[in-house]
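These figures come from a predicted structure and were not determined experimentally. Every number for a ligand or one of its atoms is a count from 1 in the order of the listing.
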Amino acid sequence: MSLITGLHHVTAITGDAQENIDFYTGVLGLRLVKKTVNFDYSDVYHFYFGDEFGTPGTIMTTFPYGKGLVNGRHGKGMLNTTAFSVSIDALDYWTNRLEQFNIAFKQPQQRFSGEVFIYLEDFDGLGLELVFNDKDSRKGYYNGFIPKDFAIKGIHHVEIWLDAYERTAALLTTQMDHKLIAESSDRMRLAVEDVPGKYVDLLCTPNALKGLAGRGTVHHVAFATPDAETQLEMVEKLNKFGLEHTEVKDRKYFTSVYFKEPGGVLFEIATSGPGFDVDEELASLGEHLNLPKQFEEKREHLVEVLPKINYPTEKFR
Ligand code: ZN
């Protein structure tokens, strides 16, 4: 049995909270499945966007620190692109939609044997892609205005830039259940299974500058493990492999262990459950500010300092 089942979520450092809501729920049509705070710095929101349930492998999360935050820089030792999966028939729909809302994007390109994608950035400059493919059986979230057939189905892959990819590839293949899926001159695609939502693309970019954390960059990527038991087995493997890691942290919707992979990117191992309906009904996920127990007594202060946001937003219908 695999201890790692695929991607869980990607977490980014962003600027304005409302712009995050507008972009991910409005432009992209994801569901806000949780509105909470950064458990390590509670004066900042933590938004989770995903499919209807916040299924692992569909989740993008953000820490919106405000517009004043200094911009980061894409580069080596960083996850620079998070790609979302959409139907192979959705290319015209999405290029029209992005044009309609003035979102800049690059013209369609291809990689490997005909994988069509477009590159775009969110309002903070975070690198994103839409990958048009017929390999994804996930349903995606129907938000009421993006036609069901064209909805984002979840994450397709993440793209990590590295000085050299041997050590990171060795970690993923020998300890984290990944195998080689595809390869081109400067790109290696690994996955636990050959389906969208599980791919990790390693790019060899020795000439790139080093990435700098800041607004518009990824903080970490989380891989899914079934439960607390498999998470501990994974921790054992990390110990044997000689990688330092944190203790198991309770993130309320899952538990997490963090470590730096050899190329410098922060990895997390997150349990698939208990999920986002532990503290609110499935029908109303994301509508209220949900806090973990330790911050409940600060609720009044937090409501005061966190920016007011408007959700759902009508602007991008
Ligand atoms: Zn995380």
Side-chain angles (χ1 to χ4, degrees), residues 3-14 17 20 24 30-42 44-51 53-65 72 77-84 122 124 126-128 154-155 157-160 171-172 176 197-198 200 211 213-228 230-232 234-235 238 243-261 263-276 278-279 285-286 290-292 294-295:
L3 295 180
I4 300 295
T5 55
L7 295 167
H8 191 291
H9 64 268
V10 172
T11 293
I13 303 165
T14 59
N20 267 196
Y24 290 96
L30 301 179
R31 184 177 194 194
L32 177 64
V33 291
K34 195 61 63 184
K35 181 167 69 174
T36 183
V37 293
N38 183 336
F39 287 12
D40 298 320
Y41 182 65
S42 63
V44 169
Y45 278 122
H46 192 181
F47 295 142
Y48 290 81
F49 305 99
D51 70 359
F53 311 95
T55 308
T58 71
I59 311 163
M60 182 81 199
T61 99
T62 61
F63 296 138
Y65 279 88
M78 194 173 256
L79 192 165
N80 292 304
T81 306
T82 304
F84 292 104
D122 75 1
D124 296 304
L126 194 75
L128 303 172
I155 294 175
H157 70 270
V158 295
E159 179 183 296
I160 292 172
L171 169 68
L172 285 163
M176 295 177 67
K198 300 180 191 275
V200 179
R215 182 176 165 190
T217 61
V218 165
H219 186 264
H220 65 266
V221 54
F223 294 85
T225 194
D227 53 37
T230 54
Q231 187 173 50
L232 284 181
M234 197 55 234
V235 165
L238 295 177
L243 275 180
E244 276 183 46
H245 56 83
T246 66
E247 75 275 30
V248 175
K249 294 181 189 246
D250 183 6
R251 297 317 197 190
K252 197 174 185 185
Y253 313 108
F254 44 85
T255 61
S256 303
V257 172
Y258 303 84
F259 60 96
K260 275 229 165 120
E261 58 83 25
V265 178
L266 188 61
F267 278 9
E268 171 184 346
I269 306 295
T271 53
S272 292
F276 294 98
V278 287
D279 55 4
L285 291 184
N290 275 284
L291 299 172
Q294 66 269 33
F295 297 139

Inset, instruction - With rounding to the nearest 0.5 Å, note down the distance linking CG in Leu128 to CG in Asn80. - result: 11.5 Å
Inset, instruction - Measure the acute angle between the ring planes of Phe63 and His220, then classify it against the limits of 30° and 60° as parallel, tilted or perpendicular. - result: tilted
Legend entry - From Thr36, Thr271, Asp279, residue fulfilling side chain to side chain donor-acceptor pair (under 3.5 Å) relative to Tyr253: Asp279
Inset, instruction - State which residue, out of Tyr48, Phe49, Phe47, fulfils the ring pair (Phe, Tyr, Trp, His ring centres under 6.0 Å) condition with Phe276. - result: Tyr48
Legend entry - Mutual orientation of the aromatic rings belonging to Phe295 and Phe39 [parallel < 30°, tilted 30-60°, perpendicular > 60°]: perpendicular
Inset, instruction - Would you give the length of the straight line joining atom CG of Leu238 to atom CG of Leu171, rounded to the nearest 0.5 angstrom? - result: 7.0 Å
Inset, instruction - Provide the protein N, O or S atoms situated under 2.8 Å from the Zn ion (ligand 1); waters are not included. - result: His9 NE2, His220 NE2, Glu268 OE1
